[in-house]
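Worth knowing before you read on, the calculation uses all heavy atoms, side chains too, and leaves out hydrogens, waters and symmetry mates.
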Amino acid sequence: MTTTFTRTIAELDGGDTALAFDVMRELRPHLTDADEFAELVRAQRREGYRLVVAFDEMDRLVSLAGFRHMTNLYAGPHLYIDDLSTLPSARGQGHASALLRWVDDEARRLGCAGVHLDSGTPRHDAHRLYLASGFVIPAFHFAKSL
């Protein structure tokens, strides 16, 4: 059983977004500038993106989940997790699991039918977490660059 050392889970608003930059870079290494990251998140927020973070027992931001409330024909109303990332030094301590439970609770609060996400095929540790958290793999995701 994993022991959770998360002390606090909080949603970041526009003014404190840059605090999550180092954690997001673990998932999105192409991001190289905290101000640019904050601007991109600001643009996503106009489309409903929200950013929730977990702090460890020493009040360090160690994990994050970025998600949107969506409605579509195949899933109805749901939360879609765009980003889930944890600092390497904090992995395996339950922070991402705590964030997934928080997102589940928020989805229920909003009357959503479920929670969805995509994950890169080589991310086996993440896949184990998602499966252990009750996710299933109902489809393949296809993409085309233009």
Could you please spell out the steps behind the side chain to side chain contact (heavy atoms under 4.5 Å, CB included) verdict for E106 and R50?
CA-CA 11 Å; E106 184 67 358; R50 296 169 59 190; 2.8 Å; yes

Would you say the side chain of Y80 lies within less than 4.5 Å of the side chain of V115, judging by non-hydrogen atoms?
no

For residues E39 and D35, determine if any side-chain heavy atom of one lies less than 4.5 Å from a side-chain heavy atom of the other.
no

Determine the minimum heavy-atom distance between [X] and [Y], stating which atoms define it.
| X | Y | answer |
| --- | --- | --- |
| G120 | H127 | O-NE2, 2.9 Å |
| E26 | S85 | CB-OG, 3.6 Å |
| T86 | A96 | OG1-CB, 3.8 Å |
| S119 | A126 | OG-CB, 4.3 Å |
| F55 | A10 | CE1-CB, 4.3 Å |
| G14 | R42 | O-NH1, 4.3 Å |

Side chain to side chain contact (heavy atoms under 4.5 Å, CB included) between L84 and L64: does it pass, once the steps are laid out?
CA-CA 6 Å; L84 183 66; L64 63 79; over 6 Å; no

So, taking the atom named [atom1] in [X] and the one named [atom2] in [Y], what distance separates them when rounded to the nearest 0.5 Å?
| X | Y | atom1 | atom2 | value |
| --- | --- | --- | --- | --- |
| L40 | D33 | CG | CG | 9.5 Å |
| L99 | D104 | CG | CG | 11.0 Å |
| M24 | L51 | CE | CG | 5.5 Å |

Working note: V53 + I9, criterion side chain to side chain contact (heavy atoms under 4.5 Å, CB included); need CA distance, chi angles, decisive distance, verdict.
CA-CA 6 Å; V53 298; I9 293 178; over 6 Å; no

Applying the side-chain contact (heavy atoms from CB on, under 4.5 Å) criterion to D56, which one of V62, T8, L61 satisfies it?
V62

[Y] reachable from [X] in the ILVMFWY side-chain graph, under 4.5 Å edges:
| X | Y | result |
| --- | --- | --- |
| V52 | L27 | no |
| L79 | L129 | yes |
| L31 | L19 | yes |
| I81 | L110 | yes |
| M70 | L117 | no |

May I ask you to check whether over 12 heavy atoms, not counting those of Y74, lie within 6.0 Å of atom OH?
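For Y74, atom OH is crowded (more than 12 foreign heavy atoms under 6.0 Å).
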
Would Y130 and D125 count as having a side-chain donor-acceptor pair, cut-off 3.5 Å?
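Distance-only check fails for Y130 and D125.
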
Judged by modelled atom types alone, do T17 and R45 share a side-chain donor-acceptor pair under 3.5 Å?
yes

S63 vs L87, side chain to side chain contact (heavy atoms under 4.5 Å, CB included): CA-CA, chis, key distance, verdict
CA-CA 6 Å; S63 191; L87 291 176; over 6 Å; no

Name the orientation class of the two ring planes belonging to F37 and F21 (parallel below 30°, tilted from 30 to 60°, perpendicular beyond 60°).
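Taking F21 first and then F37, their aromatic rings sit tilted (interplane angle of 30° to 60°).
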
Apply salt bridge (charged side-chain N to carboxylate O under 4.0 Å, His left out) to R68 and E47, showing your working.
CA-CA 8 Å; R68 297 174 279 151; E47 300 171 357; 5.6 Å; no

Less than 4.0 Å between a side-chain N and a carboxylate O, is that true for R108 and D105?
yes

Who passes side-chain hydrogen bond (donor to acceptor under 3.5 Å, both in side chains) against R91, sequence neighbours left out?
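If we apply the side-chain hydrogen bond (donor to acceptor under 3.5 Å, both in side chains) test to R91, skipping adjacent residues, there are no hits.
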
Quick check on the 6.0 Å ring-centre criterion: do H78 and F67 meet it?
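They do not qualify: ring centres at least 6.0 Å apart.
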
